[in-house]
Chemist: 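Structure provided below as structure tokens; questions to follow.
In what follows, residues are counted from 1 in the order of the sequence shown. Values below: all heavy atoms of this structure, side chains included; hydrogens, waters and symmetry mates excluded. It should be emphasised that the depicted structure is a prediction, and the values quoted were computed from it without experimental measurement.
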Amino acid sequence: MCLAVPGRVLEIEERDGARMAVVDFGGVVKDVCLEYLPDLQVGEYAIVHVGFALQRLDEESACRTLELFAEIGLLQEEFGDPWEAAAAAGASAEVQR
């Protein structure tokens, strides 16, 4: 399954002419292209699908959606083993950022 998942922008940089972000999906961190949301800022949330940020999202809605996805196991299905590793590591990944 390929879900659109909300995530929080941790860092933004230009990479090979594209605006890219490091995004936290409830403990799983991935690179995301910001070409469709060029004004997205660090700390904001966006819905991401296949590596592209598609729509800005408020924090409450994003957190509620991530909790629901985690509760029904969709994040594990979407992210596979990296999700399990991040969950096992707990908040240590967040502290390092």
Chemist: Glu14 versus Arg19: any side-chain heavy-atom pair under 4.5 Å?
Modeler: yes

Chemist: What is the minimum heavy-atom distance between Leu57 and Ser61, and which atoms define it?
Modeler: CD1-CB, 3.8 Å

Chemist: Between Val32 and Val50, is there a shared hydrophobic cluster once you connect ILVMFWY residues whose side-chain heavy atoms come closer than 4.5 Å?
Modeler: no

Chemist: Considering only residues two or more places apart or on different chains, which pairs with a residue in residues 58-71 satisfy salt bridge (charged side-chain N to carboxylate O under 4.0 Å, His left out)?
Modeler: none

Chemist: Please give me the minimum heavy-atom distance between Ala4 and Ile47, naming the atom from each residue.
Modeler: CB-CG2, 3.5 Å

Chemist: Can you sort out the partners of Glu13 under side chain to side chain contact (heavy atoms under 4.5 Å, CB included), two or more places apart, ordered by chain and number?
Modeler: Arg15

Chemist: What about Val42 and Val28, same hydrophobic cluster or not, with Ile/Leu/Val/Met/Phe/Trp/Tyr joined at side-chain heavy-atom distances under 4.5 Å?
Modeler: yes

Chemist: Is there a side-chain contact (heavy atoms from CB on, under 4.5 Å) between Val29 and Val22? Walk through the geometry before answering.
Modeler: CA-CA 7 Å; Val29 177; Val22 176; 3.1 Å; yes

Chemist: Let me know which of Val48, Leu66, Thr65 forms a side chain to side chain contact (heavy atoms under 4.5 Å, CB included) with Val5.
Modeler: Leu66

Chemist: Among pairs that include at least one residue of residues 37-59, which meet ring-ring contact (aromatic ring centres under 6.0 Å, His included), considering only residues two or more places apart or in two chains?
Modeler: Tyr36-Phe52

Chemist: List the atom of Ala62, the atom of Pro6, and the distance in Å for their closest heavy-atom pair.
Modeler: O-CG, 3.7 Å

Chemist: What residues form a salt bridge (charged side-chain N to carboxylate O under 4.0 Å, His left out) with Glu35, not counting sequence neighbours?
Modeler: none

Chemist: Asp39: which residues meet the salt bridge (charged side-chain N to carboxylate O under 4.0 Å, His left out) condition with it, sequence neighbours left out?
Modeler: Arg56

Chemist: List in chain and number order the residues that pass side chain to side chain contact (heavy atoms under 4.5 Å, CB included) with Ala21, two or more places apart in sequence or in another chain; answer none if no residue qualifies.
Modeler: Val9, Ile12, Val23, Leu34

